[in-house]
Amino acid sequence: QSLAESLVLAAGGAVIGLGLAYAGVRGLLALAPEGLPVAVGVRMDATVLAFTALAAMAAGVIFGMAPAWQISRLDRYEFLKEGGRANTAGLGRQHLRASLVVAEVALALVLLVGAGLFLRSLAALEDVNPGFRADGVITAGLSLPPARYADAAKRISFFRAVIGNLAAMPGVTSVAAAVPMPFSGSGGSASFDIEGRPSPPGDPGPHGAIGFVSPEYFGALKIPIQRGRVFTDQDRQDTGKVALIDDMLAKEYWPNENPIGHRIGRGSSSGFAIIVGIVGHVRQGDLAGEEVKGKYYFPLYQAPPPFGTFVVRTASDPSRLAAGIREAVRSVDAAQPVSEVRLLSGMVESSLAPRRFVVTVLGVFAGMALLMAVIGLYGVISYAVTQRTQELGVRMALGAKPGEILRLVLGQGMRLAGMGAAVGLVASLVFSRLLRNQLFHVSAFDPLTFALMAGVLVAAALLASYIPARRATRVDPMVALRYE
């Protein structure tokens, strides 16, 4: 009988669980960022169904046989002689249930701490300054056909004409073009030469990220100018070559001198360009990574590549400019398509999408674990109250006040929660070490996170224990004394 009842409950739970799992998987995959590899292989298939059925049967058999085996070991004569009084031992005979609740509470705390650490890490990442201001900026990329734009002068003329059209649009405050854009997923780096500093044989020489930008680029992205000047419209093909470097490159290769006035070049064929200014460092695509590579810039109007990205800043909603940007390009070259019209703020946000997804998934599982721990604790305390109905009635008949009964039952629940929290804290300290490389500006042993998550768990446990404890205070002594 015990086995049959347990299997029915396990089968019902498995069916409901599969339905919730199906909906949950679809919901999580809908939140998954594009390109996340794990999203491809997550599905409900025959293997999942077989595992679920096996787990449900195993749970039904184990938890159906355990109470039957426990009852078979009882002394029938003593059990019948004691009658209802045999149930007054409270939690003393509920070691298995208590152990399961402690394990549930501990697991819930481990997941809560993990979710809390990742959440604090994500909050720290969102406060990182990328080196530019992304609000109010929309970008549009394009690639010029080599057949029509083989000559550098034609490419320069195209970029100038489109930038002029974009600048004339209502609400536009600044326009520029650049290759590459930060957080676009593309970029490049290259070695360069410093005039007067020959590299030893076998040494690749100075190295850094490289960019080609129009004069208004630094103003459009609000990149700070630290020294010297930026490019102007006078930096043309027929004028002297100039370059800019960021402060990271300056500190690496000119640590104790002013780099302005020094000359750098990209091979003997391109010649040397004089450094005319130093700008702030810009992160290229990862807010969490340690930046180890500086960047140097050349004017787009001196060395125009056959592709680029237009950068448009506006004081209003930048998304409204998408159609205008396409029209500005078509008015210069009707056959030139525009691709990847995106908000720069969205590009920066997308770089955090995988971490947000991890926080979401971990938060969901932590919430489920907390719910299971609360239900388990409620079940154990509620069962204990039922088993101790006679004892509680005797206590109240002898003068115990409702508040004392409430504290008695709450104490039982909080002891279980406390033991689970203690085990969970130790386990969290062990497992949080595995997360150190995934956290940003947050210690794996952050005391605030541990304290907050433990507080959440204790508060939930207190609520789970309070409901049956409140019911215990309403026991009628006369009814309880006759309870069987």
Is there a donor-acceptor pair under 3.5 Å between the side chain of Arg120 and the backbone N or O of Ser443? no

Does a donor on one side chain and an acceptor on the other come within less than 3.5 Å for Lys293 and Gln284? no

Just wondering, more than 12 heavy atoms not from Phe445 lying within 6.0 Å of its CZ? yes

Say you draw a straight line from OG1 of Thr449 to CG of Leu119; how long is it, rounded to the nearest 0.5 Å? 8.5 Å

Starting at NE2 of His207, measure out to OG of Ser189 and round the result to the nearest 0.5 Å. 3.0 Å

Could you measure the distance from the CD1 atom of Ile381 to the OG1 atom of Thr386? Nearest 0.5 Å is fine. 11.0 Å

Tested for side-chain contact (heavy atoms from CB on, under 4.5 Å) against His281, the lone hit among Ile223, Ile245, Leu249, Asp246 is Asp246

Going through the distances and angles, do Thr314 and Met169 end up as a side-chain contact (heavy atoms from CB on, under 4.5 Å)? CA-CA 10 Å; Thr314 177; Met169 293 171 57; over 6 Å; no

Are Ser465 and Leu377 close enough, and set up right, to give a side-chain contact (heavy atoms from CB on, under 4.5 Å), and what steps lead you there? CA-CA 7 Å; Ser465 302; Leu377 184 60; 3.7 Å; yes

Tested for side chain to side chain donor-acceptor pair (under 3.5 Å) against Asp247, the lone hit among Arg227, Gln226, Lys295 is Gln226

Polar side-chain atom of Arg313 near backbone of Ala220 as donor-acceptor pair, under 3.5 Å: yes

Derivation and outcome, side-chain contact (heavy atoms from CB on, under 4.5 Å), residues Leu457 and Val105: CA-CA 8 Å; Leu457 186 65; Val105 172; 3.3 Å; yes

Return the CZ to CG distance between Phe450 and Asp446, rounded to the nearest 0.5 Å. 8.0 Å

For a quick test of reading the model, state the closest non-hydrogen atom pair linking Leu142 to Pro337 and the distance between them. CB-O, 3.7 Å

d(Leu111 CG, Phe431 CZ) to nearest 0.5 Å is 10.0 Å

Under a plain distance cut-off of 3.5 Å, with no hydrogens placed, do Arg342 and Ser184 share a side-chain donor-acceptor pair? no

If you look at every heavy atom in Met44 and Tyr22, which pair is closest and at what distance? CG-CD1, 3.8 Å

Thr47 versus Phe51: any side-chain heavy-atom pair under 4.5 Å? no

Heavy-atom distance under 4.5 Å between the side chains of Ile138 and Arg320, does that happen here? no

Would you say Ser6's side chain and Leu3's backbone share a donor-acceptor pair under 3.5 angstrom? no

Can you establish whether the number of heavy atoms outside Met372 located under 6.0 Å from its atom CE is more than 12? no

How close do Ser432 and Leu429 get, counting heavy atoms only, and between which atoms? OG-O, 3.3 Å

Side-chain contact, heavy-atom cut-off 4.5 Å: Val385 with Arg470? no

I need the single residue from Val213, Val282, Val311 that forms a side-chain contact (heavy atoms from CB on, under 4.5 Å) with Met181. Which is it? Val311

Using only atom types and a distance under 3.5 Å, with no angle test, would you say the side chain of Ser121 pairs donor to acceptor with the backbone of Leu117? no

I'd like to know if the side chain of Arg433 reaches the main chain of Val430, judged simply by a donor and an acceptor atom lying under 3.5 Å from each other, with no hydrogens or angles considered. no

Measure across Leu435 and Gly114 and return the closest heavy-atom pair with its distance rounded to 0.1 Å. CD1-CA, 4.2 Å

Apply side-chain contact (heavy atoms from CB on, under 4.5 Å) to Val374 and Leu463, showing your working. CA-CA 8 Å; Val374 166; Leu463 177 63; over 6 Å; no

Would you sort out whether Glu349 and Arg356 count as a salt bridge (charged side-chain N to carboxylate O under 4.0 Å, His left out), showing the intermediate values? CA-CA 10 Å; Glu349 289 291 314; Arg356 283 201 179 91; 2.6 Å; yes

Identify the two heavy atoms, one from Tyr378 and one from Ile467, that lie closest to each other, and give their separation to 0.1 Å. CE1-CG2, 3.8 Å

For Tyr217 and Tyr297, take the angle between the two ring planes, folded into 0 to 90°, and tell me which bin it lands in: parallel under 30, tilted 30 to 60, perpendicular over 60. tilted

May I ask you to test the Val128-Arg283 pair for a side-chain heavy-atom distance under 4.5 Å? yes

Considering all heavy atoms of both residues, which atom of Leu321 and which atom of Pro170 are nearest to each other, and what is their separation? CD2-O, 4.4 Å

CG of Leu416 to CG of Leu100, rounded to nearest 0.5 Å, is 11.0 Å

In terms of the angle between their ring planes, are Phe212 and Phe298 parallel, tilted or perpendicular, with boundaries placed at 30° and 60°? tilted

Determine whether Leu287 and Pro130 make a side-chain contact, defined as any pair of heavy atoms from C-beta on separated by less than 4.5 Å. yes

Taking the side chain as every heavy atom from C-beta outward, state whether Glu126 and Leu122 have any pair of such atoms under 4.5 Å apart. yes

Do His441 and Asp127 make a side-chain contact, defined as non-hydrogen atoms from C-beta onward lying under 4.5 Å apart? no

Verify the neighbour count for atom CE of Met368: are there more than 12 heavy atoms of other residues, nucleotides or ligands below 6.0 Å? no

Are the side chains of Leu244 and Tyr296 in contact, using a 4.5 Å heavy-atom criterion? no

